[in-house]
Amino acid sequence: MASLFSSRTVSIKGLGIDITPIERITRLIDRHDRETLNLLFTLGEIDRCQAANNPQQDYAICFATKEAVGKALGTGLAGIGWNEIEVDITHSKLIINLQGEASIQAKQQGIRELLATWCYWDQHVLVQVLAQ
């Protein structure tokens, strides 16, 4: 009988989940200029979100992903700059790039990969990040 499970061992280093109301992020975006938004979002994230069909939802996904990454690292965002975590939403897939202290913390914990999923419901986004 064939096994349904892979023989490859996966080591889970952390899990982070965040729920963000889109309205909260919409108010943040509406109140601040691009320079101020750059404190939370990279220039690439701002450009991609502004060009998206639903910018407010994409900004919320980026925000929630950063929060979930901090939780998956086990440190929250203490000592990590918001711009050290960059999110690229591509065809409903999240690609996460770490820089600076975020990258250092991940390496120290032996994290080689961050897998992320997201869903949308009732004007909220939920992001789950698995660190392995």
Side-chain angles (χ1 to χ4, degrees):
M1 177 177 207
S3 173
L4 296 175
F5 302 98
S6 170
S7 61
R8 184 180 136 201
T9 303
V10 177
S11 177
I12 307 298
K13 307 286 186 183
L15 174 67
I17 299 172
D18 193 72
I19 300 171
T20 299
I22 295 172
E23 180 59 33
R24 175 179 168 219
I25 302 304
T26 299
R27 286 192 310 268
L28 176 90
I29 295 163
D30 290 346
R31 281 194 311 244
H32 296 94
D33 62 9
R34 186 179 178 97
E35 186 175 322
T36 304
L37 288 177
N38 189 234
L39 298 173
L40 293 176
F41 303 102
T42 67
L43 293 175
E45 288 170 329
I46 293 170
D47 288 343
R48 288 188 297 274
C49 288
Q50 290 295 334
N53 290 335
N54 189 341
Q56 293 81 8
Q57 179 176 297
D58 281 18
Y59 274 114
I61 292 167
C62 288
F63 185 90
T65 302
K66 292 169 188 264
E67 290 277 359
V69 166
K71 293 170 186 174
L73 292 174
T75 60
L77 293 172
I80 297 175
W82 284 83
N83 284 331
E84 293 177 358
I85 303 168
E86 184 169 26
V87 182
D88 189 358
I89 307 163
T90 307
H91 305 292
S92 299
K93 179 180 177 185
L94 297 178
I95 299 169
I96 302 169
N97 294 304
L98 302 181
Q99 305 295 324
E101 187 61 32
S103 179
I104 292 168
Q105 286 185 23
K107 286 177 186 169
Q108 287 174 342
Q109 295 178 40
I111 296 170
R112 288 179 271 160
E113 185 175 27
L114 295 170
L115 303 173
T117 60
W118 69 274
C119 65
Y120 159 83
W121 86 103
D122 194 29
Q123 294 300 307
H124 290 77
V125 295
L126 179 139
V127 174
Q128 177 179 297
V129 174
L130 182 67
Q132 52 182 31

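Here the closest heavy-atom approach between residue Leu114 and residue Leu98 is recorded as CD1-CD1, 3.7 Å. The shortest non-hydrogen separation linking Glu86 to Thr42 is OE2-OG1, 2.8 Å. Smallest separation of non-hydrogen atoms from His124 and Asp122: ND1-O, 2.7 Å. Minimum heavy-atom separation, Gly70 to Leu77: CA-CD2, 4.1 Å.
Ring geometry for Phe63 versus Trp82: interplanar angle under 30°, hence parallel rather than tilted (30 to 60°).
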Practice task
Apply side chain to side chain donor-acceptor pair (under 3.5 Å) to Glu45 and Tyr59, showing your working.
Solution key: CA-CA 8 Å; Glu45 288 170 329; Tyr59 274 114; over 6 Å; no

Practice task
Report the C-alpha separation of Gln132 and Glu113 in whole Å, then their side-chain angles, then the decisive distance to 0.1 Å, and conclude whether the side chain to side chain donor-acceptor pair (under 3.5 Å) test is met.
Solution key: CA-CA 5 Å; Gln132 52 182 31; Glu113 185 175 27; 3.0 Å; yes

Exercise for the section: Would you please test Gln128 and Trp118 for side-chain contact (heavy atoms from CB on, under 4.5 Å) and show each step? Expected result: CA-CA 6 Å; Gln128 177 179 297; Trp118 69 274; over 6 Å; no

Handout entry: Derivation of the side-chain contact (heavy atoms from CB on, under 4.5 Å) call for Ile19 and Trp121
Key = CA-CA 10 Å; Ile19 300 171; Trp121 86 103; 4.0 Å; yes

Exercise for the section: Please assess Ile95 against Ile89 for the test side-chain contact (heavy atoms from CB on, under 4.5 Å), listing each intermediate value before the final yes or no. Expected result: CA-CA 6 Å; Ile95 299 169; Ile89 307 163; over 6 Å; no

Handout entry: side chain to side chain donor-acceptor pair (under 3.5 Å) assessment of Gln105 paired with Thr75
Key = CA-CA 9 Å; Gln105 286 185 23; Thr75 60; 2.8 Å; yes

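In this structure the side chain of Leu94 never reaches within 4.5 angstrom of the side chain of Asp88, judged on heavy atoms. Using a 4.5 Å heavy-atom cutoff, the side chains of Gln109 and Leu73 are in contact. Looking at heavy atoms from C-beta onward, Lys71 lies out of side-chain contact with Leu15 at the 4.5 angstrom threshold. With a 4.5 Å cut-off on side-chain heavy atoms, Ile22 and Thr26 count as touching. Here the side chains of Leu115 and Ile96 are not in contact, with every heavy-atom distance at 4.5 Å or above. Ile46 places a side-chain heavy atom less than 4.5 Å from the side chain of Gln50. Within the 4.5 Å cutoff, no side-chain heavy atoms of Leu126 are placed close to those of Asp18.
Interatomic distance, CZ of Phe41 versus CG of Asp58, reported as 10.5 Å (0.5 Å rounding). Separation of atoms CD1 (Ile104) and CD (Glu84) is listed at 8.0 Å; rounding is to 0.5 Å. Rounded to the nearest 0.5 angstrom, Arg31 CZ and Leu37 CG are separated by 10.5 Å.
For CZ of Arg34, the number of neighbouring non-hydrogen atoms (other residues, nucleotides, ligands) closer than 6.0 Å is greater than 12.
Hydrophobic clustering of Ile, Leu, Val, Met, Phe, Trp and Tyr side chains at less than 4.5 Å, counting indirect connections, keeps Ile17 apart from Val69. No continuous path of ILVMFWY side-chain contacts below 4.5 Å connects Leu130 to Val125, so the two sit in separate hydrophobic clusters. Hydrophobic clustering of Ile, Leu, Val, Met, Phe, Trp and Tyr side chains at less than 4.5 Å, counting indirect connections, keeps Leu40 apart from Leu43.
Side chain of Lys13 to backbone of Ala131: no donor-acceptor contact under 3.5 angstrom is found. A donor-acceptor pair is defined here as one N or O able to donate and one able to accept, closer than 3.5 Å; such a pair exists between the side chain of Thr65 and the backbone of Ile61.
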